[in-house]
Amino acid sequence: MRTFIIVWLGQAGSIIGSEMTAFAFTIWVWELTGQATALALFGLFAQVPQILIGPIAGVVVDRFHRKYLMIVGDTVSGLCTITILMLYANNNLQLWHLYVAVAIVNTFVPFQKLAFSASMSILVPKQHYSRVSSLNFFSSSSSYIIAPALAGVLYPEIGLIGILIIDIATFVLAVTTVLLVHIPQPSITEVHTQSRTSLKQDLVFGWHYITKSPSLFAMLILASLYFFVMGLLDSLYIPMILARTGNDTRVIGTVSSASGLGGIIGALLIGMWGGPKRRIYGWLMSMAGIGLSETVFALGTTPLIWISAQFCSSLNSPLLSSSSDAIWLAKIRPEIQGRIFATHSVVILVTSTVATLIAGSLADYVFEPAMMPEGSLAPILGWMVGTGKGAGMALLYVISSLGLLLVGLSGYLFRTLRNVEISMPDHDASTK
């Protein structure tokens, strides 16, 4: 675990720096535009490059040294942050600059993420897959607590320039930790002798592999439905709170911190427990738990309810991610994980991108007008989510979160999905 911990520490620091910058820019964009669509576009510009580059990244990760790919990904992110810093310092920063920077960074994100994910099964033994996954979730959850708190305290003192400098320093930390360790490569056969035709076949290898396994394909379909709904919720989360609190950024920071705290506690519990013996049940149970928590969040109209609901939602998230990761890492051979994980990532991103594309428009042009005091739905559903600014987004949030609850519960109905750990042997068992 030593090498993994060193790399993980560098990545955790980088995540905190990036989240501090993202938090500051989210408020800046909302104050500039006041539209959910403008915030949703950040998701669009982040997801589209990953969709386009994902299949290629999977092939590259299985063919080239994963350590160097991680370094390239972090370096590009750092250079983009430096560019934004220079534009802001010279009073030239515009909204489209942020969109372009996000698109460039996320062109390289698949290489970095896939290289890191595909290295886990070689760095740590199988019995620790759930634990390392929970550690990854721990770092992201910690950032939701630390980043908003730090950004909120430091922004008045050092301004946006200071926060960007901190972000750049964390990228240097991430690159340095990767440089200090040895990340072994899996045994790859016939990599250097493959023809151009086989390269083309590699681009669709992951899809063919997954579709030939009914259980993995069932997991991918259910995961796609889950992340489609989560794409809707993520696009509405911040603008809904801002609209219902009169742009009170302190409420967002508090809710985000509560969400991060729930994720940290959940990750620590998984780290000590190791997760359920049947990972698939942990995956489905946590999915339903998140749906229920998000429904309560949408129906709430006070910070206390939002804080409690988001805490409970995030408490389930480490179980969801660690259970899923443990299954995929155990079933897929290390030398082909780059291509398989790339396919999984691209399918999820496509569904999330579709959700991002429609969430802002639905909120701004359909649900928000309908839930104004004189709107068409206000007399019917006003009792449930209220009326006025933010009520339309709350209604859409309720519908989406109930859908999420149904997605989780529906997984128990399909035997092919429930038996994925029984019907498909682990990759190391097949070689014995």
Side-chain angles (χ1 to χ4, degrees), residues 47 130 133 137 206-207 209-237 262-263 266 270 275-299 309-310 312-332 340-341 343-359 362 367 384 394-424:
Q47 292 164 340
S130 289
S133 179
F137 199 91
W207 176 254
Y209 187 96
I210 294 173
T211 53
K212 287 180 181 178
S213 170
S215 295
L216 291 181
F217 190 47
M219 281 192 70
L220 181 60
I221 291 174
L222 202 70
S224 300
L225 293 173
Y226 170 82
F227 281 101
F228 174 80
V229 179
M230 286 304 297
L232 294 173
L233 300 182
D234 288 342
S235 298
L236 299 171
Y237 170 68
I270 295 297
K277 185 176 181 180
R278 291 292 301 275
R279 312 292 189 189
I280 192 66
Y281 290 150
W283 189 54
L284 295 174
M285 180 177 65
S286 57
M287 198 179 293
I290 292 171
L292 181 60
S293 300
E294 294 294 348
T295 303
V296 175
F297 175 85
L299 293 172
Q310 284 303 100
C312 293
S313 177
S314 294
L315 191 66
N316 285 276
S317 294
L319 177 59
L320 182 138
S321 61
S322 63
S323 298
S324 175
D325 290 348
I327 293 172
W328 288 86
L329 286 168
K331 303 302 177 184
I332 309 300
I340 307 302
F341 292 171
T343 299
H344 183 279
S345 177
V346 167
V347 173
I348 297 304
L349 283 168
V350 168
T351 57
S352 298
T353 301
V354 172
T356 300
L357 283 171
I358 66 175
L362 285 174
F367 283 87
M384 183 169 63
L395 177 59
L396 180 55
Y397 210 102
V398 169
I399 296 171
S400 301
S401 54
L402 285 174
L404 193 61
L405 175 61
L406 291 176
V407 168
L409 294 176
S410 67
Y412 289 96
L413 301 177
F414 300 97
R415 181 180 299 176
T416 301
L417 180 65
R418 295 197 314 269
N419 293 338
V420 59
E421 296 165 275
I422 301 172
S423 61
M424 188 175 183

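Note that the coordinates shown come from a computational prediction; the quantities given were computed from them, not determined experimentally.
Taking 4.5 Å as the limit, some side-chain heavy atom of N419 sits within range of a side-chain heavy atom of R278. Put simply, the side chain of W283 does not reach to within 4.5 Å of the side chain of L319, judged on heavy atoms. With contacts defined as side-chain heavy-atom distances shorter than 4.5 Å, the pair L284/L417 qualifies. Annotation: side chain of V229 is not in contact with side chain of L225 (no heavy-atom distance under 4.5 Å). The side-chain heavy atoms of F217 and K212, taken from C-beta on, include no pair separated by under 4.5 Å. Annotation: side chain of I399 is in contact with side chain of F367 (closest heavy-atom distance under 4.5 Å). Residues I332 and L216 form a side-chain contact, since some pair of their non-hydrogen atoms from C-beta on lies under 4.5 Å apart.
Taking OG of S410 as the start and CG of L222 as the end, the distance is 5.0 Å to the nearest 0.5 Å. Note that the CD atom of E294 and the CG atom of L402 stand 11.5 Å from one another [nearest 0.5 Å]. Between the CG atom of L320 and the OG atom of S314 there is a distance of 11.5 Å, given to the nearest 0.5 Å. Rounded to the nearest 0.5 Å, atoms CG (L233) and CZ (F228) are 10.5 Å apart. Summarising the geometry, atom CD1 belonging to I270 is positioned 4.5 Å from atom OG belonging to S322; distances are rounded to the nearest 0.5 Å. Interatomic distance, CD of Q310 versus CD1 of I290, reported as 10.0 Å (0.5 Å rounding).
Using modelled atom types, no side-chain atom of R279 and backbone atom of I327 make a donor-acceptor pair closer than 3.5 Å. Remark: the backbone N or O of I280 is paired with a side-chain donor or acceptor of E421 at under 3.5 angstrom. Between the side chain of S345 and the main chain of F341, no donor-acceptor pair closer than 3.5 Å is present.
When all heavy atoms of L232 and A355 are compared, the pair lying nearest together is CD2-O, 3.5 Å. Minimum interatomic distance between M287 and G408 (heavy atoms only, all atoms of both residues): SD-CA, 3.8 Å. Among all heavy-atom pairs drawn from N316 and S286, the shortest one is O-CB, 3.3 Å. A pairwise comparison of heavy atoms in W328 and M219 identifies NE1-CE, 3.5 Å as the closest pair. For the pair S352 and F227, the tightest heavy-atom approach, listed with the atom from each and the gap, is OG-O, 3.5 Å. Heavy atoms only, all atoms of each residue included: S224 and T351 are closest at O-OG1, 3.5 Å.
Checked against a 6.0 Å centroid threshold, the rings of Y237 and F297 count as neighbours.
Side-chain contact, T295 with S401: a donor N or O sits under 3.5 Å from an acceptor N or O. In this structure, a donor-acceptor pair under 3.5 Å is present between the side chains of S215 and S423.
Partner W207 forms a side chain to side chain contact (heavy atoms under 4.5 Å, CB included) with one of I340, V346, L220 and no other, that one being L220.
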